[in-house]
Amino acid sequence: SFTPSSSRSSQYAYIPAREMIFTMLDQHADTLEADVKPPLVIVGREGAGKSALLANWVKRRREIKHKDEFLHMHFTGASARSGELRHTLWRLTKALKEFFQLREMDVPVEEERLSWSLSRFLAAAAKKHNPARIVIVIDGVNNLYCESAPKGSLHWLPLELPPCVRFVVSTIENVAKPGQPPRSNHDAAPQKQSSGHHQPLLITEKDDDDNQNAHTTTHRSFTELTRR
């Protein structure tokens, strides 16, 4: 059952039966030297509990995480500006600069510059620790408003990440209307497409009567992430 709380990150209640997904997220976030992993995407219907899962996982990880781990959480529905891609990327790059003391790097304010600067900030931050511990969680990427791309576009998200940089994002699963093919939330692809182990990893609800479970799979590109 769900119980109310006072803050944005704690107003979600999480069903303990899904503890195994916490384990999946921990395994994805944990780092080894020169360990490269693709972004992990959580897909589910609206109201399925994706925000609850991420909020509670981040809360638990903050209690046990390594002191050098950079753990950044962003909810796209937390404020009026939280759904803006420009604001989202500005918060992230500013946090990276402050945490890793990247004094020589300036944080842009334009969406386009922020998009292509993200890889530079991640690469610079990854060199500060050996191994680096960088975990970035963005809830509701389908709600991100872009100035020069369709809403929910992931053109800003690099698939070729530095070692030990982890992205965890969530999005909704679109249900096609009768007579229409399934539709993806993401009309634009990420910055770079890769093959093999660089393909994004997906956690999604199972199509059975037990929605307490999840399974993982991989897809060719983010344009397929919501197609089952």
Side-chain angles (χ1 to χ4, degrees), residues 21-43 53-54 57-58 60-62 64-76 85-108 111 113-141 144 153-171 186 188-203 216 218-219 221-222 225:
I21 305 182
F22 273 17
T23 301
M24 292 180 188
L25 292 169
D26 283 332
Q27 290 174 347
H28 179 77
D30 290 340
T31 63
L32 297 173
E33 187 173 359
D35 184 19
V36 178
K37 290 182 181 179
L40 185 147
V41 182
I42 298 174
V43 177
L53 185 151
L54 290 176
W57 176 70
V58 167
R60 187 182 75 166
R61 189 166 181 89
R62 279 176 174 159
I64 62 174
K65 75 180 181 70
H66 192 278
K67 64 181 178 65
D68 291 330
E69 179 173 291
F70 173 83
L71 179 57
H72 181 82
M73 178 78 197
H74 182 84
F75 288 97
T76 58
L85 176 61
R86 183 176 66 85
H87 180 67
T88 302
L89 295 180
W90 181 83
R91 283 191 67 240
L92 173 56
T93 51
K94 186 173 183 291
L96 285 167
K97 177 175 180 172
E98 293 177 354
F99 187 90
F100 291 100
Q101 300 182 15
L102 305 175
R103 300 184 181 91
E104 71 284 1
M105 301 183 70
D106 294 326
V107 178
E111 180 182 296
R113 291 187 61 201
L114 284 163
S115 295
W116 59 257
S117 294
L118 179 58
S119 294
R120 293 176 53 248
F121 272 86
L122 291 173
K127 295 177 181 178
K128 288 290 185 174
H129 295 285
N130 187 24
R133 297 171 179 267
I134 302 174
V135 182
I136 300 166
V137 183
I138 303 179
D139 177 53
V141 292
L144 283 176
S153 170
L154 291 178
H155 64 286
W156 53 271
L157 179 59
L159 281 183
E160 294 184 2
L161 299 170
C164 305
V165 174
R166 305 288 186 260
F167 267 93
V168 179
V169 302
S170 72
T171 185
H186 311 301
Q191 292 178 9
K192 296 181 181 179
Q193 293 295 340
S194 304
S195 59
H197 67 280
H198 290 295
Q199 295 176 356
L201 179 66
L202 178 68
I203 293 181
T216 60
T218 56
H219 289 252
S221 72
F222 274 102
L225 284 176

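Predicted model only: the values in this text are computed from it and were never measured.
- Listed here is the closest heavy atom pair of Ala125 and Phe100: CB-CD1, 3.5 Å.
- When all heavy atoms of Ile134 and Ala126 are compared, the closest pair comes out as CD1-N, 4.0 Å.
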Q: Report the C-alpha separation of Lys128 and Asp68 in whole Å, then their side-chain angles, then the decisive distance to 0.1 Å, and conclude whether the side-chain contact (heavy atoms from CB on, under 4.5 Å) test is met.
A: CA-CA 10 Å; Lys128 288 290 185 174; Asp68 291 330; over 6 Å; no
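- A 4.5 Å side-chain heavy-atom check between Lys37 and Asp30 finds every atom pair outside the cut-off.
- At a threshold of 4.5 Å between non-hydrogen side-chain atoms, the residues Val137 and Leu25 do not count as touching.
- Put simply, the side chain of His74 does not reach to within 4.5 Å of the side chain of Leu92, judged on heavy atoms.
- Taken from CD1 in Ile21 to CG in Leu54, the straight-line distance is 10.0 Å, to the nearest 0.5 Å.
- Using a 4.5 Å cut-off on side-chain heavy atoms (C-beta onward), Leu122 and Phe167 make contact.
- The distance from the OG atom of Ser170 to the CZ atom of Phe75 is 8.5 Å, given to the nearest 0.5 Å.
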Q | Candidate pair Leu40 and Arg166, rule side-chain contact (heavy atoms from CB on, under 4.5 Å), full reasoning | A | CA-CA 8 Å; Leu40 185 147; Arg166 305 288 186 260; over 6 Å; no
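- Of the possible polar contacts, none joining the Thr171 side chain to the Val43 backbone as a donor-acceptor pair under 3.5 Å is found.
- Between the CD atom of Gln27 and the CZ atom of Phe22 there is a distance of 14.0 Å, given to the nearest 0.5 Å.
- A heavy-atom distance below 4.5 Å is found between the side chains of Pro163 and Val36.
- Here the side chain of Lys94 pairs no donor or acceptor atom with the backbone of Val107 at under 3.5 angstrom.
- Interatomic distance, Thr93 OG1 to His72 NE2, rounded to the nearest 0.5 Å: 9.0 Å.
- Contacts of Lys127 classified as side chain to side chain contact (heavy atoms under 4.5 Å, CB included), with partners at least two apart in sequence or in another chain: none.
- In this structure, CG on Leu154 lies 8.0 Å from CG on Leu144, to the nearest 0.5 angstrom.
- Here the side chain of Arg133 pairs no donor or acceptor atom with the backbone of Thr31 at under 3.5 angstrom.
- Between Met105 and Ala124, the shortest heavy-atom distance links the atoms SD-CB, 3.6 Å.
- Residues meeting the side chain to side chain donor-acceptor pair (under 3.5 Å) test with Arg60, sequence neighbours left out: Glu19, Asp26.
- Listed by chain and residue number, nothing satisfies the ring-ring contact (aromatic ring centres under 6.0 Å, His included) test with Phe121 (two or more places apart in sequence, or in another chain).
- Between Phe70 and Phe99, the two ring planes are perpendicular [angle over 60°; tilted spans 30° to 60°].
- Between atom OG of residue Ser115 and atom CG of residue Leu85 there is a gap of 5.0 Å, rounded to the nearest 0.5 Å.
- Inter-residue side-chain proximity for Pro39 and Val169 is flagged as unmet; no heavy-atom pair is nearer than 4.5 Å.
- Using a 4.5 Å heavy-atom cutoff, the side chains of His28 and Met24 are not in contact.
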